Amino acid sequence: MKQIIKILSILVAIAAFWIGLLESSVVPRSHTWLLPIYLIVSLGCYGLLMVGVGLMRFPTCPQEAGLLQKDVAEAKEFLKQRGVDVANE
């Protein structure tokens, strides 16, 4: 619930800032109407950047890989005992 309140407060602050820019003559009105689009595009670029950084820094876990291979071998053996044809690749 705290996260929702945090997000809503940020959205209200952004909306208040945007309405303030619309009401004042600091920024031309034609540019002010494009700010929400710029914000959405910027958030999308930021999200893609974070996904890319996360993929580049993805940790390798050799111990977990070995355990996974062991689990796969156990599952194949279990299925062979039950009469299921498991192809070895």
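Heavy atoms only: backbone and side chains are in, while hydrogens, waters and symmetry mates are out. In what follows, residues are counted from 1 in the order of the sequence shown. What you see is a predicted model, and the numbers here were worked out from it, not measured in a lab.
The shortest distance between side-chain heavy atoms of Lys2 and Ile5 does not fall below 4.5 Å. Residues Met50 and Tyr46 have side chains in contact (heavy-atom distance under 4.5 Å, counting atoms from C-beta outward).
Leu39 and Ile10 end up in the same hydrophobic cluster when Ile, Leu, Val, Met, Phe, Trp and Tyr side chains are linked at under 4.5 Å. The hydrophobic clustering, which links ILVMFWY residues whose side-chain heavy atoms are closer than 4.5 Å, places Phe58 and Val51 apart. Tyr38 and Phe17 fall within the same hydrophobic cluster, where Ile, Leu, Val, Met, Phe, Trp and Tyr residues are linked whenever their side-chain heavy atoms come under 4.5 Å apart, directly or through other members.
One finds the NZ atom of Lys6 at 12.5 Å from the CG atom of Leu11 (value rounded to the nearest 0.5 Å). Between the CD atom in Gln63 and the CG atom in Leu68 there is a gap of 13.0 Å [rounded to 0.5 Å]. Here Leu67 contributes atom CG and Cys61 contributes atom SG; the two are 10.5 Å apart, rounded to the nearest 0.5 Å.
Taking Ile, Leu, Val, Met, Phe, Trp and Tyr as members and joining any whose side-chain heavy atoms lie under 4.5 Å apart, directly or through other members, Leu48 forms no hydrophobic cluster with any other residue.
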